[in-house]
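Just below is one structure, and these are the notes that go with it.
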Amino acid sequence: GLDLCNVKKKWAQVWPTVAFPDEMKGTRKRGGLSEFIQLMAGDVVEIVGLRVIAKHCTQSQVARYAMEQRSSSTKER
């Protein structure tokens, strides 16, 4: 797992040229980051205490979900 306090740091390591999503900039609301993570990635992670833990899922499940998301966002345009 990954401590919630390290999520933005890890983001910067993985995607150094991509800013952390705007939805979280300036958010000081207690629980805001964990709510955001649950909303955006609740299908593949869960928040346990102050840690982000990956749920058991395969690469093919993640790829299928990503394809579905791209497909649905293309239809909305």
Side-chain angles (χ1 to χ4, degrees):
L2 179 66
D3 289 336
L4 275 172
C5 64
N6 292 325
V7 168
K8 290 181 182 181
K9 180 176 155 184
K10 182 55 73 178
W11 179 281
Q13 290 173 343
V14 175
W15 297 287
T17 60
V18 180
F20 194 76
D22 288 337
E23 290 87 351
M24 293 310 301
K25 285 185 180 174
T27 299
R28 292 284 179 222
K29 181 180 136 192
R30 184 179 195 112
L33 180 59
S34 62
E35 288 174 13
F36 177 75
I37 291 170
Q38 280 297 122
L39 176 68
M40 301 306 288
D43 54 329
V44 294
V45 299
E46 59 186 322
I47 307 296
V48 178
L50 295 175
R51 294 185 62 83
V52 180
I53 308 291
K55 291 181 180 178
H56 177 71
C57 59
T58 64
Q59 285 183 333
S60 62
Q61 288 171 315
V62 173
R64 186 179 73 239
Y65 180 75
M67 189 179 310
E68 290 170 2
Q69 291 298 99
R70 273 187 241 126
S71 169
S72 67
S73 67
T74 303
K75 290 177 186 176
E76 292 173 2
R77 293 179 192 181

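Throughout, residue positions are numbered sequentially from 1 according to the sequence presented. The analysis underlying the following values was restricted to heavy atoms, covering all of them including side chains, and did not include hydrogens, waters or symmetry mates.
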Here the salt bridge (charged side-chain N to carboxylate O under 4.0 Å, His left out) pairs for residues 58-69, sequence neighbours left out, are R64-E68

Excluding V48, membership of its hydrophobic cluster (Ile, Leu, Val, Met, Phe, Trp, Tyr; side-chain heavy atoms within less than 4.5 Å) reads I53

Residues pairing under side chain to side chain donor-acceptor pair (under 3.5 Å) where one sits in residues 48-59, two or more places apart or in two chains, turn out to be D3-R51, T58-S60, T58-Q61

Residues passing the side-chain contact (heavy atoms from CB on, under 4.5 Å) test with V7, sequence neighbours excluded, are L2, L4, F20, L33, I37, V52

A41 meets the side-chain contact (heavy atoms from CB on, under 4.5 Å) criterion, sequence neighbours left out, with V44, V45

